[in-house]
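We use all heavy atoms of the structure for the numbers below, so side chains are in, but hydrogens, waters and symmetry mates are not. For ligands, and for the atoms within them, numbers begin at 1 and follow the listed sequence.
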Amino acid sequence: MNVVITGGSRGIGKATVIRFIKEGHQVCTCSRNEEALKFLWEELGKPENLFIKACDVSERQSAKEFVKFCAKLMGKFDVLINNASVLGLRESIEHYPEDVWEEVIRVNINGVFYITKYAIPFMKDGGIIINLSSGAGKRPAPYWGAYAVSKFGIEGFSLLLAEELKSRNIKVYAFNPGATRTQMRALAYPQEDPSTLKPPEKVADFLIKLVNLRPNLVSIDFY
Ligand SMILES: NC(=O)c1ccc[n+]([C@@H]2O[C@H](COP(=O)([O-])OP(=O)(O)OC[C@H]3O[C@@H](n4cnc5c(N)ncnc54)[C@H](OP(=O)(O)O)[C@@H]3O)[C@@H](O)[C@H]2O)c1
């Protein structure tokens, strides 16, 4: 399969890139930090089936160039995983800084829109799009501010996209990975003992199963 994964430099994205690469699929991934991507490529023994490119998904041109780069190197996509996201701040709406709000919405909403919009013409009929959501996008999560609102947006975006792409038999999912041992989780819960959390590799295993099983529902949780 040809797989595009945003935010592959660490956490769930990185574990998922590794999982698909090890199964012999072609993977194209990005993050803003090019060094971290090069490190991943070298760590994996410079595999020929991994393509990396620095990209900020919240920048239109950068997102467009990344998608074109993936299509040029792999051809049409079987799977798109919109994983890249930022947390912002844990703060009340009253005190939430405007610039942080705008940054979170830019990355978590605009970024998913840009990558998806530019990728749709390159998606194979019968393909899959998975958008990383969160429990904070399904029920009230006070003090999660822009992040929670962005993930509610991802749930809605996935529902409408699933309808729009039905005629091409492209499945769309809003996928909540649940509490996972990553940098983002540590930022959100600094007091928590990370060893009590599932590792990102477990999420990657679940994502492979999701791609193979293609269930008939849009919003999926993994705990
Ligand atoms: N971990 C959890 O417990 C948990 C729970 C629920 C949902 N999620 C969701 O799961 C997904 C992965 O989370 P994670 O915990 O693995 O996060 P993470 O460790 O912070 O990794 C986020 C990845 O996204 C990339 N990224 C961030 N902003 C970007 C941008 N503008 N353009 C391109 N890449 C960007 C980061 O690389 P750079 O910084 O180098 O760009 C990094 O590779 C997110 O959508 C998150 O909301 C996670």
Here the atoms of ligand 1 under 4.0 Å from any heavy atom belonging to Gln183 are 19 (O)
If we number the atoms of ligand 1 from 1 as shown, the ones under 4.0 Å from a heavy atom of Arg185 are 1 (N), 3 (O)
query: Does at least one non-hydrogen atom of Asp56 fall below 4.0 angstrom from an atom of ligand 1?
result: yes
Exactly one candidate in Val4, Asn2, Val211 meets side chain to side chain contact (heavy atoms under 4.5 Å, CB included) with Asp78; the answer is Asn2
Here the atoms of ligand 1 under 4.0 Å from any heavy atom belonging to Asn33 are 40 (O)
Ligand 1 to Tyr147, heavy atom cutoff 4.0 Å, flagged ligand atoms 7 (C), 8 (N), 9 (C), 46 (C), 47 (O)
Would you tell me whether Thr16 and Asn83 have side-chain atoms, one donor and one acceptor, within less than 3.5 Å of each other? no
Atoms of ligand 1 under 4.0 Å from any heavy atom of Cys55, numbered from 1 in the order shown, are 32 (N), 33 (C)
- Task: Go through the steps for Glu94 and Tyr96 under the test side chain to side chain contact (heavy atoms under 4.5 Å, CB included), then give the verdict.
- Result: CA-CA 6 Å; Glu94 184 182 1; Tyr96 206 95; over 6 Å; no
Atom 23 (C) of ligand 1: closest protein heavy atom, distance to 0.1 Å, is Gly7 O, 3.7 Å
Check: Under the 3.5 angstrom rule, does the side chain of Arg168 hit a backbone N or O of Ile120 as a donor-acceptor pair?
Finding: yes
Nearest non-hydrogen protein atom to atom 21 (O) of ligand 1, with distance, is Arg10 NE, 3.6 Å
For Asn82 and Asn131, does a side-chain donor sit closer than 3.5 Å to a side-chain acceptor? yes
Note: ligand 1 atoms sitting under 4.0 Å from heavy atoms of Ser9 are 36 (C), 37 (O), 40 (O), 42 (C), 43 (O)
Test your reading of the model: is there a side-chain donor-acceptor pair from Arg106 to the backbone of Val57, 3.5 Å cut-off?
no
Across all chains, not counting sequence neighbours, the ring pair (Phe, Tyr, Trp, His ring centres under 6.0 Å) partners of Phe222 are Phe206
Task: Full working for side-chain hydrogen bond (donor to acceptor under 3.5 Å, both in side chains) between Ser85 and Asn108 - done: CA-CA 5 Å; Ser85 164; Asn108 298 7; 3.3 Å; yes
Below 4.0 Å from any atom of ligand 1, is there a heavy atom belonging to Ala36?
no
Pair Asp56, Ser62 - check side-chain hydrogen bond (donor to acceptor under 3.5 Å, both in side chains), show working. CA-CA 6 Å; Asp56 181 341; Ser62 182; over 6 Å; no
Looking only at heavy atoms, the pair that brings Leu80 and Ala119 closest together is CD2-CB, 3.9 Å
One pair to check against side-chain hydrogen bond (donor to acceptor under 3.5 Å, both in side chains): Lys151 and Asn176. What are the steps and the verdict?
CA-CA 9 Å; Lys151 295 303 186 181; Asn176 165 25; over 6 Å; no
The protein heavy atom nearest to atom 17 (O) of ligand 1 is Met184 CB, 3.5 Å
For Thr116 and Ile129, the nearest pair of non-hydrogen atoms, with its separation, is CG2-CD1, 4.2 Å
After noting the C-alpha distance and the side-chain angles of Lys138 and Ser219, does the key distance pass the side-chain hydrogen bond (donor to acceptor under 3.5 Å, both in side chains) rule? CA-CA 9 Å; Lys138 290 168 174 254; Ser219 190; 2.5 Å; yes
protein heavy-atom neighbour closest to atom 16 (O) of ligand 1 works out as Ile12 N, 2.9 Å
Any heavy atom of Ser133 under 4.0 Å from ligand 1? The part involved is backbone
Would you call the rings of Tyr114 and Tyr118 parallel, tilted or perpendicular, taking 30° and 60° as the class edges? parallel
If we number the atoms of ligand 1 from 1 as shown, the ones under 4.0 Å from a heavy atom of Gly11 are 16 (O), 19 (O)
In this structure, atom 29 (C) of ligand 1 is nearest to the protein heavy atom Arg32 NE, 3.5 Å
Any heavy atom of Thr180 under 4.0 Å from ligand 1? The part involved is both
Atom 10 (O) of ligand 1 has as its nearest protein heavy atom Leu132 CD1, 3.5 Å
For atom 14 (P) of ligand 1, the closest protein heavy atom turns out to be Thr182 OG1, 3.7 Å
message = Taking a cutoff of less than 4.0 Å between a non-hydrogen atom of the residue and any ligand atom, is Gly178 in contact with ligand 1?
response = yes
- Under 3.5 Å, side chain of Lys22 to main-chain N/O of Val17, donor-acceptor pair present? no
Honestly, for Lys14 the part within reach of ligand 1 (heavy atoms, under 4.0 Å) is neither
among protein heavy atoms, the one nearest atom 11 (C) of ligand 1 is Asn83 OD1, 3.2 Å
Could a heavy atom of Lys151 be found less than 4.0 Å from some atom of ligand 1? yes
Closest to atom 22 (C) of ligand 1 (heavy atoms only, candidates Ser85, Ala63, Ala54) is Ser85
Are Pro177 and ligand 1 in contact, using a heavy-atom cut-off of under 4.0 Å?
yes
* To do: Using only heavy-atom distances, determine whether the side chains of Asn33 and Ser31 contain a donor-acceptor pair under 3.5 Å.
  => no
Short version for Val86: what comes under 4.0 Å of ligand 1, heavy atoms counted, is side chain
Check your understanding: If only atom types and distance count, is the side chain of Arg181 paired as donor or acceptor with the main-chain N or O of Leu197 below 3.5 Å?
Key -> yes
In ligand 1, the atoms that come under 4.0 Å of a heavy atom of Ala179 are 3 (O)
Notebook entry, point to check: Looking only at N/O atoms, are Val57 and ligand 1 under 3.5 Å apart anywhere?
Noted result: yes
At under 4.0 Å between heavy atoms, what of Val107 touches ligand 1? The answer is side chain
Filtering Ser150, Ser62, Ala84, Gly111 for the heavy atom nearest atom 24 (O) of ligand 1 leaves Ala84
